[in-house]
Amino acid sequence: MPQRTHTCGQLNESNTDHNVTLMGWVNAFRGHGSGLVFVDLRDRDGITQIVFDSDDAPTELVEAGDKLRNEDCIRVTGVVRARAKANPKIPTGAIEVLATELEVLSKTAKLPFVPSDESNLPAEETRLKHRYLDLRRPKMQEILRTRHRVTKVTRDYFDEQGFLEIETPMLCRSTPEGARDFLVPSRLQEGMWYALPQSPQLFKQILMIAGCDRYLQIVKCFRDEDPRFDRQAEFTQIDLELAFVDREEVMSIMEGFAKRLWKETMGIDLADFPRMTYQDALNDYGIDRPDTRYDLKLIDISDLAAKTDFGVFQGALEKPKGVVKAIRVPGKAADFSRKVTDAFTKFASDFGAGGIPTTKYVNGDFESGIGKFLGSIKDELIERLGLEDGDAVIFGADTYSIVTKALGELRQKIARDHGFIPEGAWNFLWVYDFPMFEHVEGEGDEPGRFHALHHPFTAPSDHELERFLSADPDNIDEIESIVSDGYDMICNGSEIGGGSIRIHRKDVQAKVFSLLGLSEEEAKLKFSFLLDALSYGAPPHGGIAFGLDRLVMHMCATDNIREVMAFPKTMTGQDLMCEAPNVVDDDQLHELHVKSTATTTV
RNA sequence: GGGGCGGUAGCUCAAUUGGUUAGAGUCCCGGACUGUCGAUCCGGUGGUUGCGGGUUCGAGUCCCGUCCGCCUCGCCA
């Protein structure tokens, strides 16, 4: 079989009269009987028009061409010639290949869908079931290409920065903290189990202690939790760790990485990233990953609200940590009908808010909604919120955490639904100064406990170290006030990377474990290797992990994470193409010392 | 685990208040056609209305259960 001489995206007028061989798939065919047939041939690189013409070729060849159908895989040899009338829609539109030879490499069966018909795509379910057809689409090929470019730039950049790519195990020890583990039964060790890694966290820290200095890995991670549009149980991290660094150095190297990535994959120059403390993010945006492409800030008006007779405001302020906050929605007075604002209340109820009071500032007065309660604070409220005629205002009144969550989520919904998100904006920022711990109330008789906001290996901020070591575990407020040396990289309201300076002192690590409710014995049992390693000259170190899938989602502007994965799973964790997971033989289970307790089988 | 929307031909969809033989486009098959590029024109094949119950003279349509897909809350150190 002759080798192909070109791809389907390569040929142009300079190839005129050349004899070429192309291979690919039939993207479209336009037959005009046994005399003249056009076929668009597609491969990864593009589309080239093939013409079968009985004026210049044997009738049998033209007839064979007339039998071709969408997605047949073929080889064509022929002569390049200029078209009488060029097609400006495709890069190879000035030429065509006059076929002199045709081989059908593989005839297609009747298609479940036609991948070249972008305007008439089937349901995602069908696309996933026949992913090999779906991935033939140029759009999907472009996503795979972008994903490749990202990993290529990643390896180039970090190689230049002195990082080594080192693999860590996929079969690990289970650590029940954090997300649910995927478990793998051991055949050789009866009754014992491996876990798939949620992240290579401990291994990369140990690599630092092992003197590897700078580590990189593009690595699969596994978390057995329910998926979301931007979350899969199996996903890919760009995982990094550096020794002998402080927060500033890590952030600077990582910011350089993001800038390089955007430059090389999209030709975009990113400005220096602003920084925001966790507390400011929560106060102003109601979330720890603020979308700064638009304003709509949460503004505290508790002091003003206290002066009104509005029962909802008064009730909220009587609660412990009760607040009243407002968001100015510029120019939307006319859009916020009763139906729209009722939907806000319904939306906010998911986050525990009893209601979303609203009003409109029209003709110098507060109209509709709770406007009649605001007379006494009118001028102060207008000044505080910077109101202009035609603005709408939404309020949240409850405890700090409920108001923050509800208005934070509503802020994003309003931005999406009412056109506040500018096209083509890339707003990056760093969020830092996270609390190390948050206290969660116990359920029923259970005592409350602390929970690591990032993970239990995150170091306290330098200036907090002494305060942390001497902190009283029973003093909840004091513990919650200690700030860590963590940092998140945020892009357009999405966390694309998160990391921290790690603990490299055994005594500090031991105190974290004890605050998290791990006894010395438990800590030893679960993390003895880390504690051991920390006692043999551990260097100060820190790192970060980027979500590769989310990075590519942003770059390709896809609606969900499945679009940027070659073989994703559905919301129930199934691979519709392979039909995984599946039932296995009892023999297999027996060998693994496992017995199923499932009551239903498919 | 909770909530919402959806499932009708291979694919995308339609089907009045519960009413006769479940339609259309597309794909596929056959035919016509020498400059198309979403080719065009003519004809044809194709259905367990996701699955299982129930109500009814009669169910794609109403009710219950269940499976699947998407979205969402919880969850995701």
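Proteins come first, then strands; the chains are lettered A, B, ... in the order of their sequence lines, and each starts at number 1.
- In this structure, A:A233 reaches neither bases nor backbone, as no heavy-atom distance under 4.0 Å exists between it and the strands shown.
- Atom NZ of A:K107 sits in a crowded spot, with more than 12 heavy atoms from other residues, nucleotides or ligands closer than 6.0 Å.
- Using a 4.0 Å cut-off, no side-chain N or O of A:R30 falls inside it from OP1 or OP2 of B:U34.
- Taking the P atoms as reference points, B:C11 lies 28 Å from B:U17, given to the whole Å.
- Here the side chains of A:K569 and A:P227 are not in contact, with every heavy-atom distance at 4.5 Å or above.
- Counting only heavy atoms from C-beta outward, the side chains of A:R136 and A:R42 approach each other to under 4.5 Å.
- Atom NZ of A:K129 and atom C1' of B:C70 are 17 Å apart (whole Å).
- Aromatic ring pairs are classed by plane angle as parallel below 30°, tilted from 30° to 60° and perpendicular above 60°; the pair A:F434 and A:Y278 is tilted.
- A donor N or O paired with an acceptor N or O is not found under 3.5 Å between the base of B:C70 and the side-chain atoms of A:R562.
- Contacts between residues 76-90 of chain A and RNA chain B, defined by a heavy-atom separation below 4.0 Å, involve A:R81, A:R83, A:K85, A:N87, A:K89, listed by number.
- In this structure, A:K413 atom NZ and B:C71 atom P are separated by 16 Å, rounded to whole Å.
- In the set B:A39, B:C68, B:C70, B:C70 carries the atom at the smallest distance from any side-chain atom of A:M571.
- At a cut-off of 3.5 angstrom, counting only N and O atoms as typed in the model, there is no donor on one side facing an acceptor on the other between the side-chain of A:R223 and the base of B:C76.
- Within 4.0 Å of A:H32, counting heavy atoms only, lies at least one base atom of the nucleic acid.
- Remark: the separation of the P atoms in B:C75 and B:G7 is 32 Å, to the nearest Å.
- In the set B:U12, B:U36, B:G74, the nucleotide with an atom closest to the side chain of A:Q49 is B:U36.
- Base engagement by A:D55 is indicated by at least one non-hydrogen atom pair under 4.0 Å involving a base atom.
- Contact annotation for A:E96: base contact, defined as any heavy-atom pair under 4.0 Å involving a base atom.
- Here A:T572 reaches the OP1 or OP2 of B:G69: one of its side-chain N or O atoms lies under 4.0 Å away.
- For A:S500, the side-chain contact (heavy atoms from CB on, under 4.5 Å) partners two or more places apart in sequence, or in a different chain, are A:H454, A:H455, A:T458, A:R502.
- In a base pair of the Watson-Crick type (N1 to N3 plus N6-O4 or O6-N4) or a G-U wobble (N1-O2 and O6-N3), with each distance short of 3.5 Å, B:C51 is matched with B:G65.
- Formation of a donor-acceptor pair under 3.5 Å by the A:N560 side chain with backbone atoms of A:E563 is found in this model.
- Nucleotides B:C64 and B:U12 have their C1' atoms positioned 31 Å apart, rounded to a whole Å.
- Of the listed nucleotides (B:C73, B:G10, B:C33), B:G10 has the atom at the smallest distance from the side chain of A:P112.
- No side-chain heavy atom of A:M436 sits under 4.5 Å from any side-chain heavy atom of A:F450.
- The backbone N or O of A:C8 lies less than 3.5 Å from a partner atom in the side chain of A:D43, making a donor-acceptor pair.
- Residue ring and nucleobase are stacked for A:F38 and B:U36, with a centre distance beneath 5.5 angstrom and an angle between planes beneath 30°.
- Counting non-hydrogen atoms under 4.0 angstrom, A:L453 reaches the backbone sugars and phosphates but no base.
- The salt bridge (Lys or Arg N to Asp or Glu O under 4.0 Å) check on A:R30 picks up A:D40, with sequence neighbours excluded.
- Ring geometry, A:F468 versus A:F437: the interplanar angle falls under 30°, so the pair is classed parallel (tilted spans 30 to 60°).
- Remark: A:E520 CD is loosely packed, at most 12 non-hydrogen atoms of other residues, nucleotides or ligands lying under 6.0 Å away.
- For the pair A:K346 NZ and B:C73 C1', the computed distance is 12 Å after rounding to whole Å.
- Comparing B:C28 with B:A9, their C1' atoms are spaced 12 Å from each other, to the whole Å.
- Of all the residues in residues 490-518 of chain A, not one reaches under 4.0 Å from RNA chain B with any non-hydrogen atom.
- Separation of the C1' atoms belonging to B:C5 and B:G47 is 25 Å when rounded to the nearest angstrom.
- A 4.5 Å side-chain heavy-atom check between A:D72 and A:K67 finds every atom pair outside the cut-off.
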Please tabulate, one pair per line, each protein N/O and nucleotide N/O from nucleotides 22-29 of chain B that are separated by under 3.5 Å, including the distance.
residue : atom : partner : partner atom : Å
B:C27   : O2   : A:K110  : NZ           : 3.4
B:C29   : OP2  : A:R69   : NE           : 2.9

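- Taking atom C1' on both B:C67 and B:G53, the two are 15 Å apart, rounded to the nearest angstrom.
- The CG atom of A:D230 sits 12 Å away from the C1' atom of B:U72 (whole-angstrom rounding).
- Counting non-hydrogen atoms under 4.0 angstrom, A:T458 reaches nothing in the nucleic acid.
- We find the OH-CG distance between A:Y285 and A:D291 to be 9.0 Å, quoted to the nearest 0.5 Å.
- In the set B:G69, B:C76, B:U72, the nucleotide with an atom closest to the side chain of A:F229 is B:U72.
- For a distance-only test at 3.5 Å, the side chain of A:Q574 fails to qualify as a donor-acceptor partner of the base of B:G69.
- Spacing between atom CZ of A:F52 and atom P of B:A39 amounts to 16 Å, rounded to whole angstrom units.
- Comparing the same atom, C1', in B:U26 and in B:A14 gives a spacing of 14 Å after rounding to whole Å.
- Nucleotides B:A24 and B:G46 are separated by 14 Å at their P atoms, to the nearest Å.
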Got a list of protein N/O to nucleotides 40-43 of chain B N/O distances below 3.5 Å?
none

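- At whole-Å resolution of the value, CG in A:L36 and P in B:C37 are 12 Å apart.
- The nucleotide B:C41 finds its pairing partner in B:G31, both defining distances of the Watson-Crick or G-U wobble pair being shorter than 3.5 Å.
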